[in-house]
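Below is one structure, written out as structure tokens, with a few remarks after it.
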Amino acid sequence: MQVVGETLGRAEIEALLAQHATLAFQECALDGVDLSRLDLRACSFSSCSIAETSFYAATLAQTVWHRCRGREADFEAADLTDAQFQSCDLNNSSWRRARLASSTLKGCKLTGANFEEAAHLGLVFEECLMNSADLRRMSFRKAHLRQLDLADADLGGCDFRDAVFEGGSLRGANMKGARFDNADLREADLGGLRLADAKLFQGAWITPRQAAELVAKLGLRVG
């Protein structure tokens with residue numbers, strides 16, 4: 001069933017779910033609504049407003065989200081298996097302990113988002129703005145990372161082994177304990193790299209220009 005242009009609370013959504021297995025929300029306002037633990041699997045959300053909405057521990061598997069506005073939305077502990085997010089504004093959202101297996105986030109704004117302890121096997125980020133996001137201990141091993149802006153992000157303990165960066169930025173990111181063995185960083189912006197971080201890139205592929213920038217930080221000149 002399609003729901004268009006409505007301002008909805010939890011009671012209204014529960015009533016709709018009691019009558020229909022799946023719902024297609026379009027241009028609906030769900031701001032600040034507590035939708036925790038609801039079963040919304042396979043529902044779709046297009047151009048909806050979900051700012052500060054709580055989806056805590058909700059079942060959101062196979063959901064589709066397009067052009068939604070969701071600053072500080074809470075997806076903590078939600079099941080988002082096979083979910084798809086396209087061109088959504090999800091700045092400062094929380095995904096702590098969420099199940100994100102085989103999910104895709106493409107063209108999304110995720111500045112300040114928190115992915116701490118999220119289950120993420122097969123999760124794909126593409127063309128996302130992720131400044132200051134918390135991605136600690138996530139694995140991107142063998143991933144193709146297309147245009148991810150990770151400037152100032154917390155990448156502590158992340159696994160980037162054999163990953164390929166297709167553009168994007170690591171400028172100013174915290175990379176303590178991260179692994180980059182055989183990673184291809186030749187298209188990534190490594191500006192602002194601290195000398196203490198340089199050893200993390202042992203075995204990684206970089207360009208001569210990037211190498212010269214690292215050498216310059218040692219006060220050496222390459223002639």
Side-chain angles (χ1 to χ4, degrees), residues 1-131 133 135 143-149:
M1 176 185 174
Q2 193 169 40
V3 185
V4 182
E6 298 288 341
T7 298
L8 301 167
R10 183 183 180 98
E12 290 87 353
I13 293 175
E14 286 180 322
L16 289 168
L17 289 170
Q19 301 175 55
H20 307 279
T22 60
L23 300 170
F25 298 95
Q26 184 175 348
E27 299 180 353
C28 290
L30 309 173
D31 298 314
V33 179
D34 180 6
L35 301 179
S36 59
R37 304 186 188 280
L38 283 189
D39 188 343
L40 292 160
R41 74 185 72 197
C43 289
S44 63
F45 301 80
S46 179
S47 299
C48 292
S49 184
I50 55 170
E52 301 183 25
T53 302
S54 175
F55 296 97
Y56 177 83
T59 300
L60 302 170
Q62 299 178 323
T63 49
V64 177
W65 310 72
H66 184 250
R67 295 189 179 280
C68 292
R69 303 173 303 283
R71 61 172 175 78
E72 298 184 32
D74 183 10
F75 294 98
E76 182 172 352
D79 180 2
L80 287 148
T81 305
D82 292 317
Q84 298 180 43
F85 291 81
Q86 171 79 45
S87 303
C88 293
D89 184 345
L90 298 164
N91 289 333
N92 298 307
S93 51
S94 176
W95 310 75
R96 292 185 67 253
R97 298 187 292 113
R99 284 175 280 173
L100 289 161
S102 301
S103 294
T104 300
L105 291 98
K106 182 175 181 180
C108 294
K109 296 179 180 179
L110 293 160
T111 295
N114 185 351
F115 289 89
E116 185 180 1
E117 298 182 13
H120 57 277
L121 182 65
L123 170 63
V124 174
F125 293 110
E126 185 174 339
E127 299 175 359
C128 288
L129 182 65
M130 306 181 75
N131 301 155
L135 301 165
H144 282 254
L145 304 177
R146 297 180 177 89
Q147 297 297 337
L148 297 188
D149 189 343

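For the numbers below, each heavy atom of this structure counts, side chains included, while hydrogens, waters and symmetry mates do not.
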| said: Please report the interatomic distance CD(Glu72) to CG(Asn92), rounded to the nearest 0.5 Å. | reply: 5.5 Å
| request: Identify the heavy atoms of Leu123 and Leu100 that sit nearest to each other, and give their distance. | output: CB-O, 3.8 Å
| task | Show your working on side chain to side chain contact (heavy atoms under 4.5 Å, CB included) between Leu16 and Val3 and close with a plain yes or no. | result | CA-CA 9 Å; Leu16 289 168; Val3 185; 4.0 Å; yes
| query | How about Gln147 and Glu126: does a side-chain donor come under 3.5 Å of a side-chain acceptor? | reply | no
| field | Check: Thr81 main-chain N/O paired with Asp79 side-chain donor or acceptor under 3.5 Å | value | yes
| query | Can you tell me how far CG of Leu38 sits from CG of Leu60, rounded to the nearest 0.5 angstrom? | reply | 9.0 Å
| request: Indicate yes or no for a side-chain donor-acceptor contact from Asn91 to the backbone of Ser93 under 3.5 Å, with no hydrogens or angles considered. | output: no
| Roughly how far, to the nearest 0.5 Å, is the CG atom of Leu23 from the CE atom of Met1? | 7.5 Å
| message | Could you report the tightest heavy-atom contact between Ser47 and Cys68, atom names first, then the distance? | response | N-SG, 4.1 Å
| said: Parallel, tilted or perpendicular: which one describes the rings of Trp65 and Phe75, with boundaries at 30° and 60°? | reply: perpendicular
| field | CD on Glu116 to CG on Leu135, rounded to 0.5 Å | value | 11.0 Å
| message | Walk me through whether Val33 and Leu8 qualify under side chain to side chain contact (heavy atoms under 4.5 Å, CB included). | response | CA-CA 8 Å; Val33 179; Leu8 301 167; over 6 Å; no
| query | Checking side chain to side chain contact (heavy atoms under 4.5 Å, CB included) for the pair Arg67/Gln86: CA distance, chi angles, key distance, verdict? | reply | CA-CA 6 Å; Arg67 295 189 179 280; Gln86 171 79 45; over 6 Å; no
| request: Could you check whether the rings of Phe25 and Phe45 sit parallel, tilted or perpendicular, using 30° and 60° as the cut-offs? | output: parallel
| Okay, side chain of Ser49, backbone of Ala29: is any donor-acceptor separation there less than 3.5 Å? | no
| query | Are Arg41 and Gln62 close enough, and set up right, to give a side chain to side chain contact (heavy atoms under 4.5 Å, CB included), and what steps lead you there? | reply | CA-CA 6 Å; Arg41 74 185 72 197; Gln62 299 178 323; 5.7 Å; no
| message | Within the supplied structure, the quantity of interest is the number of heavy atoms (other residues, nucleotides, ligands) at a distance under 6.0 Å from Arg96 CZ; does it exceed 12? | response | yes
| query | Could you walk me through whether Phe115 and Phe125 pass the ring pair (Phe, Tyr, Trp, His ring centres under 6.0 Å) check? | reply | CA-CA 12 Å; Phe115 289 89; Phe125 293 110; 5.4 Å; yes
| Cys128 versus Gly107, closest heavy-atom pair with distance | SG-N, 4.0 Å
| Note, Asp149 side chain near Asn131 side chain (heavy atom, < 4.5 Å) | yes
| Check: Thr22 side chain, Cys43 main-chain N or O, donor-acceptor pair, under 3.5 Å | no
| query | Looking at Trp95 versus Tyr56, is the centre-to-centre ring distance below 6.0 Å? | reply | no
| Side-chain heavy atoms of Asp31 within contact of Thr7, under 4.5 Å | no
| message | Distance check, rounded to the nearest 0.5 Å: Ile50 atom CD1 versus Leu35 atom CG? | response | 9.5 Å
| Could you give the distance from CZ (Arg10) to OG1 (Thr53), rounded to the nearest 0.5 Å? | 12.0 Å
| query | For Phe55, does its backbone N or O pair with a side-chain atom of Asp74 as donor and acceptor, under 3.5 Å? | reply | no
